[in-house]
Amino acid sequence: MSKSRRDLLVGGAGSVTSRLIWLAAVPVVARLYSPSDVGSWPLVTAVAAIIAVLGTLRLDAAITITHYTKRAQTLVFATSALTLTVSAVIALLITFLPTVSSQVIGVDANGPILYACPLFIVFTNLTAILQAWLLRSKSIAAITIANASTPVVTVVALILFGVIFGTSAGSFVAAYLCGLTAPFAAMSYAAVRTGLFKGPIPLSAGSVWRSIKLYKVYPTYSVPLSLVAVGSERLVQLWMANAYSIEALGVLFLARQMLSSPISALTTPLQQVVFANLARIPNPAQRIAFVLPILETAMALAGIAIGLGWVLVPMIIPVLLGERFVTAAAYSQWLVLGMALLLVSTWIDRLYDVARRVALSTYMNLAYYGLVAVSVIVAYAAKLPVVDFVALYSLALFVGNAVFILVALRSAAFAWRDIGKSFAWLAIAVAASLGVAATANLQLGGLAAVVVSAALALPVGAALLVRLLRAM
C-alpha cells in the first residue's frame, strides 16, 4: 500500500469516526440548547475570524511549501508570535472597552463570553500553523488524530457543561472553545516530535523579513481574500440575526454543522494528502495524472449527496434536530445543493497554491464571495423570507463553487475533455441518485424511503471510495 493511500485511509477512518460521534450527539445537543444559544457562537467567531487573518498574514501556507526547514521554523515562530500579539491586543480592548466590544462582536452580553474572540484566534491560528508544519513531514496520522479530537471533545463538553452549569450561550461557547484546544494540544506534541525545536532556530528580524519578502504573495493576495471571505460570512450571519432573529441563525448554524460533518469526514484527510503530495510534484503533467481520478470520484460523491439529500434530508432533519430546530427542514435541501461541491472545492484550491497562482485564486474567490454578498443584497431589496434567502444563498454557493473548480482545473492545464468528463460524473450521479430517492419516497415514504435509498447508495459510495484509494 502506498504511503498516500495509507495516509488517506488512516485519515479517513479517524475523521469518519469522530464525525459519526458528532452526528450521534446532535439530537442530544439540539434538545439541550436553544437556537439562540447556538447562534451566539457563529456571531462571536465571525468577528474573530476576520481578525485572525492578521495573526498569520496567511504565511502558514508557505510553511508547508518552503524548501528549507530553517525557513519553515522561522515562519512558524514568527506567525505564532504575531497571533499572540494580536490576540493580546483584542483581549485588552475587551477589558477596557466592553460595551463597544459587545456591539462590534454583535453579542448582547459582557464578561467572559467576549473573551471567546481572542481565544478563538489563538487556538485556530496556532493549530493552522502547526498543521502546516506537520504537513511538511506528511504526518497525516498525527494531523488526523488531532482534528478528529475536535468534535469528540466538543460533544463531551457540550453535554457536560449543559448538565452541570445549565444550558446557555456561555456554556455553548465555552464547550466549542474546549473543542478547539484539543487539536492544538495534539499538534503541539506532534510538532515537537517532528523537530520543530531542533537545532538553532534562525529567529531574527532579518530572517523573518527575508522569509516574509520571499513569500509576500500570500499576505499581498491572501490577506485581502481572507478578509473578504470571512467578511461575506459575517454579512450572512448579521443578516440572519438582524433581518430574522438570532434563533434563525442558530437553526441555520446547527443544520449546516450537521450537513458539513460527513463532508468534512472525507475532505479533511483528502485535502491534507493532496496538498502534501502536490507540493512535492514539480511536473504539471504528473499533477494532472495524480488529481484526475480523485476529482472524478469526488464529483460523483457530490452528485450522490445532492440527489439523495434533495429528497431525504428534509425527512431526516426533524428526527435529528427535534422541534426547536425543525424549521431547517424547509430549506435543508437547498443547503445540500450549496454545500455538496465542497467535496471538491475544499481541496482543489491547492492547485492554485502549488502552481503559485495565488493572484488568480484571489480573483476567483472574490467573485465567489461576491455572489454571496449579492444574495444578501437581493434578499434585503426583495424582503425575502428566511427560506427563500437560504435557497438563494445556497444557489450562489453552488454556482460559485462550480466556477471556482472549473477555473482551478484550467489554471492547472487540465484539458477541456477531462473537465467535461468530471462534470459529467457529477450530472450522472445527481440524476441517478435523485431518481432512486424520489422513487423510494413515492413508493414507501418517510424513514422507510431513507433506509432503502441509503441501502442502495451504500455499495455505490463504497465502490467510489475504493476507487479513490486506488488513485493514491
Side-chain angles (χ1 to χ4, degrees), residues 1-2 4-9 11-12 15-16 262-279 281 283-310 336-355 357 361 364 397-437 456-472:
M1 182 182 291
S2 67
S4 59
R5 188 181 301 173
R6 184 174 63 253
D7 287 340
L8 182 59
L9 191 59
S15 186
V16 167
I263 294 174
S264 298
L266 177 62
T267 56
T268 297
L270 186 60
Q271 182 185 48
Q272 295 157 3
V273 172
V274 168
F275 190 28
N277 283 274
L278 285 179
I281 300 177
N283 189 291
Q286 291 176 325
R287 290 176 187 163
I288 292 173
F290 175 75
V291 168
L292 189 57
I294 302 173
L295 170 67
E296 293 173 348
T297 306
M299 282 291 215
L301 290 171
I304 292 174
I306 292 171
L308 294 182
W310 188 266
V336 172
L337 177 67
M339 297 175 66
L341 280 183
L342 293 175
L343 282 164
V344 182
S345 63
T346 49
W347 59 267
I348 205 73
D349 68 330
R350 297 307 187 183
L351 288 175
Y352 291 113
D353 289 332
V354 297
R357 301 295 300 275
S361 174
M364 289 309 304
L397 292 180
F398 178 81
V399 173
N401 275 314
V403 174
F404 183 84
I405 294 166
L406 174 65
V407 176
L409 295 174
R410 283 301 298 162
S411 69
F414 276 70
W416 280 109
R417 178 176 57 84
D418 292 332
I419 296 174
K421 186 180 176 183
S422 66
F423 276 91
W425 278 74
L426 174 69
I428 293 170
V430 169
S433 57
L434 185 60
V436 168
L456 292 173
L458 189 60
V460 178
L464 288 171
L465 290 175
V466 170
R467 184 177 188 271
L468 184 64
L469 285 172
R470 287 178 176 172
M472 293 296 177

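The analysis underlying the following values was restricted to heavy atoms, covering all of them including side chains, and did not include hydrogens, waters or symmetry mates. Nothing here was measured: the structure is a model prediction, and the numbers come from that model.
- Residues satisfying the side-chain hydrogen bond (donor to acceptor under 3.5 Å, both in side chains) test with Ser345, not counting sequence neighbours, are Asn401.
- Taking CD1 of Ile263 as the reference point, atom CG of Leu341 lies at 9.5 Å (rounded to 0.5 Å).
- The two residues Glu296 and Trp425 have their closest heavy-atom pair at O-CE3, 3.6 Å.
- In this structure, Gly307 and Ser433 approach most closely via the heavy-atom pair CA-OG, 3.1 Å.
- Applying the side-chain contact (heavy atoms from CB on, under 4.5 Å) test to Ile288 and every residue at least two apart in sequence or in another chain returns Ala413, Phe414.
- Here the straight-line distance linking atom CG of Leu343 with atom OG1 of Thr297 works out to 11.5 Å at 0.5 Å rounding.
- The minimum heavy-atom distance linking Ala340 with Ala302 is given by the pair O-CB, 3.6 Å.
- In terms of heavy-atom proximity, Thr346 sits nearest to Leu342 at OG1-O, 2.5 Å.
- The minimum heavy-atom distance between Ile306 and Val336, with the atom names listed, is CA-CG1, 3.9 Å.
- Paired with Asp418 under the rule side-chain contact (heavy atoms from CB on, under 4.5 Å), one option of Val291, Leu295, Leu292 passes, and it is Leu292.
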Test side-chain contact (heavy atoms from CB on, under 4.5 Å) on Trp416 and Leu406; report intermediate values, then the result. CA-CA 10 Å; Trp416 280 109; Leu406 174 65; 3.6 Å; yes
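- Leu409 CG to Phe404 CZ: the interatomic distance, rounded to the nearest 0.5 Å, is 10.0 Å.
- Taking CD1 of Ile419 as the reference point, atom CE of Met299 lies at 9.5 Å (rounded to 0.5 Å).
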